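Read through the structure below, which is laid out as structure tokens, and then see the notes.
Being a predicted model, the structure only gives us computed values, none of them experimental. Residue numbers begin at 1 in each chain, while the letters A, B, ... track the order of the sequences.
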Amino acid sequence: MQSVKQVLSGEMLGKPVAVRGWVYRIRSSGSIIFAIIRDSTGIVQVTVKKGAVPEPDFEAAASSGIESSVTVEGTLAEDKRAPGGYEVRATGFTVVGPSEPFPITEYQSTELLLDQRHLWIRSREQTAVMKIKDSLLRGARNWFHENDYVEVTPPIITGVSAEDSTTLFQLKYFDRFAYLSQSAQFYLESLIYSCERVWALTPSFRAEKSRTPRHLTEFWHLEMEAAWVDNEGNMKVQEELLSAMLSSATDECAAELRHLGRNPAMLSKISPPFERMSYSEAMDELQKKGCDVSWGSDLGAVEERELTKDKEQPVFVVNYPKELKPFYMKENPDDARTYKNSDLLAPEGYGEIIGGSERETDNALLIERLRDVGENMENYQWYLDLRKYGSVPHSGFGLGLERTVTWICKLEHIRDAIPFPRTIARVYP
RNA sequence: GCCGUCGUAGCUCAGUCGGUAGAGCGUCCGCCUGUUAAGCGGAAGGUCAACGGUUCGAGCCCGUUCGACGGCGCCA
């Protein structure tokens, strides 16, 4: 048995080959049938001629529809007319699992594709995205390992929110309520006192009623936290990590990137250091471009697009006003109106993919800020404890994996960066 | 939460001024030994999202509801 990739390499030219997979396209011209077979490595044309295979095999080929699973034996031949330049001339054709008429044809609406998601993920586009995502994750995991980070496993069920501003999914937890995690940050912070450098990949949940091409209610969150690291060091980790992830994808998945319309050479050019711009500088630039913003207003989708639409590399925006960010960030000693934090914006208008900061170590400040936003202090007791026993300067960030994939794969919507997207209107399939 | 668009055959859509429901693809049958979303001939296939209203008559006009999609806000 050969993979389609092996077959298309041509190394078996003139020899017997066997492939198995699914019918991707099939056409008949009477006594010759052209079947395009797909497996996880690619697609290849098979010709089935009457007389060249046993009659039952010919009938099986003639009656097999799109997505039937099949095994084919034959001889590998070179043929300019075949896509890929090679074809398998069948001597045997067996249907393993017949297929009813496939619901997805060449004309597809967004709604149909989302309703039939369990079938649409067989598409070449979706397969390419999954492979690229896999490669990005491998690149990240390798980078963390090489840089002495410990991969840890924080809880998904929690009793407290990491960010007061966001909405939580509540669940019944025996005789009380608990919540699905929206960030592992507090748990990672508590692990730096022993492991020093930690990271985790976990699902995060946001119950916000966001209807945009950049939001999922369930997404994969790649988070890192490190002791003895300041905000500048934090940004260095981000740019090195992201570059390592990009190298992995361009090395392993160049063909998949091209299939999605993304030129891998453009991604290869991205390397540290990334451009840094203060929030105040961003505001000045936006005002010059005619945006209706003033110091203190948040960067919305329009503003992020305006700042990055002509960039080829990601851009850090640093030192946001405190009002726009959560309570746990460290005050900027050079401008007390702002925090020592950074958002990393992807180029081409794709927007924020990472948010990070140096963390506040002064419990008095943390308590004051929590009081200001009306939080129940009991929920934060264990978090405040962390500052009582050997507190150290530390920083961390969270990367939205699907947002990163959306940018790298040049997708129009984040739902295509995950096989089964969970959005405000979708939990099926 | 706010603004907008849409809902007609399995799928993608057209449907004019309110007057007998249409096409392409898919499916089924027939023809075809080099197709590339193959081609040719034929057939089957409809609660026009739901409910209510106007009208002699509603897919079309009005109202309500439901669903989906696009954009904004919030965030990664």
Please check if atom CD in A:Glu55 has more than 12 non-hydrogen atoms from other residues, nucleotides or ligands closer than 6.0 Å.
-> yes
What's the gap between B:C61 and B:A14 when it is taken at their P atoms, as a whole Å value?
14 Å
When rounded to whole Å, the CD1 to P distance for the pair A:Ile424 and B:G71 reads 14 Å
From CD1 of A:Ile36 across to C1' of B:U35 the rounded distance in Å is 8 Å
Ring-ring centroid check A:Tyr149 A:Trp199, cutoff 6.0 Å | no
Review point. Say you pick atom C1' in B:G15 and the same atom in B:U20; how far apart are they, in whole Å?
Key: 14 Å
- prompt: Roughly how far apart, to the nearest Å, are B:G24 and B:A9 at atom C1'?
  reply: 12 Å
In whole angstrom, give me the gap between the P atoms of B:U12 and B:U54.
35 Å
Test: A:Glu375 and A:Arg369 ion pair at under 4.0 Å: no
Euclidean distance for P, B:G4 against B:A50 (whole angstrom) | 25 Å
Whole-Å distance, A:Glu218 CD to B:A76 C1', equals 14 Å
Does the distance from a Lys or Arg side-chain N to an Asp or Glu carboxylate O, for A:Asp115 and A:Arg426, drop under 4.0 Å?
yes
### Query
Quick one: is A:Arg89 getting a side-chain N or O under 4.0 Å of the B:U33 phosphate, OP1 or OP2?
no
Notebook entry, point to check: In whole Å, what separates the C1' atom of B:G7 from that of B:C60?
Noted result: 14 Å
**Asked** Under 4.0 Å between a side-chain N/O of A:Arg211 and OP1 or OP2 of B:G70, yes or no?
**Response** yes
Once you apply a heavy-atom cut-off of 4.0 Å, does A:Leu216 come out as touching a base, just sugar-phosphate, or nothing?
base
How far, in whole Å, is B:U47 from B:C6 if one measures between their P atoms?
24 Å
To the nearest angstrom, the NZ-C1' distance between A:Lys133 and B:A76 comes to 13 Å
Checking N1-N3 plus N6-O4 or O6-N4 for Watson-Crick, or N1-O2 and O6-N3 for wobble, each under 3.5 Å, the partner of B:U16 is none
Please enumerate all protein N or O atoms sitting under 3.5 Å from an N or O of nucleotides 9-12 of chain B, with distances to 0.1 Å.
from, atom 1, to, atom 2, distance (Å)
B:C11, O2', A:Tyr107, O, 2.7
B:U12, OP1, A:Ser109, N, 3.4
B:U12, OP1, A:Ser109, OG, 2.2

Exercise for the section: Considering only NZ, NE, NH1 and NH2 on the basic side and carboxylate oxygens on the acidic side, decide whether A:Lys289 and A:Glu285 come within less than 4.0 Å. Expected result: yes
Taken to the nearest 0.5 Å, the spacing of A:Glu281 CD from A:Leu307 CG works out to 11.0 Å
What residues 21-35 of chain A contributes to the RNA chain B interface at heavy-atom separation below 4.0 Å is A:Arg27, A:Ser28, A:Ser29, A:Gly30, A:Ser31, A:Ile32, A:Phe34
Separation of B:U27 atom C1' from A:Phe102 atom CZ, nearest Å, is 16 Å
When rounded to whole Å, the CG to C1' distance for the pair A:Asp115 and B:G7 reads 13 Å
Atom NE2 of A:His413 and atom C1' of B:G70 are separated, to the nearest Å, by 9 Å
Next on the checklist: Using the P atom as the point on both nucleotides, what is the distance between B:G67 and B:G45, in whole Å?
Outcome noted: 33 Å
Passes ring pair (Phe, Tyr, Trp, His ring centres under 6.0 Å), A:Tyr187 versus A:Trp382? Steps please.
-> CA-CA 10 Å; A:Tyr187 297 99; A:Trp382 71 266; 5.1 Å; yes
Here the pair of heavy atoms bringing A:Thr423 nearest to A:His215 is CG2-O, 4.2 Å
Between the CZ atom in A:Phe274 and the CZ atom in A:Phe316, the distance rounded to the nearest 0.5 Å is 6.5 Å
As its Watson-Crick or G-U partner within any shown strand, both distances under 3.5 Å, B:C31 has B:G39
Answer for the Watson-Crick or wobble partner of B:C51, both distances under 3.5 Å, is B:G63
With a 4.0 Å cutoff (strictly under), does any side-chain N or O of A:Arg426 reach OP1 or OP2 of B:C69?
yes
Which of A:Lys311, A:Arg262, A:Lys410, A:Lys309 passes salt bridge (Lys or Arg N to Asp or Glu O under 4.0 Å) with A:Glu348? Answer is A:Arg262
Checklist line | Evaluation steps, side-chain contact (heavy atoms from CB on, under 4.5 Å), between A:Tyr339 and A:Asn332 | finding: CA-CA 5 Å; A:Tyr339 281 138; A:Asn332 177 14; 5.8 Å; no
Practice task
Output yes when at least one side-chain N/O atom of A:Lys49 is less than 4.0 Å from OP1 or OP2 of B:U33, else no.
Solution key: no
In whole angstroms, the gap separating C1' of B:C74 from CZ of A:Arg206 amounts to 10 Å
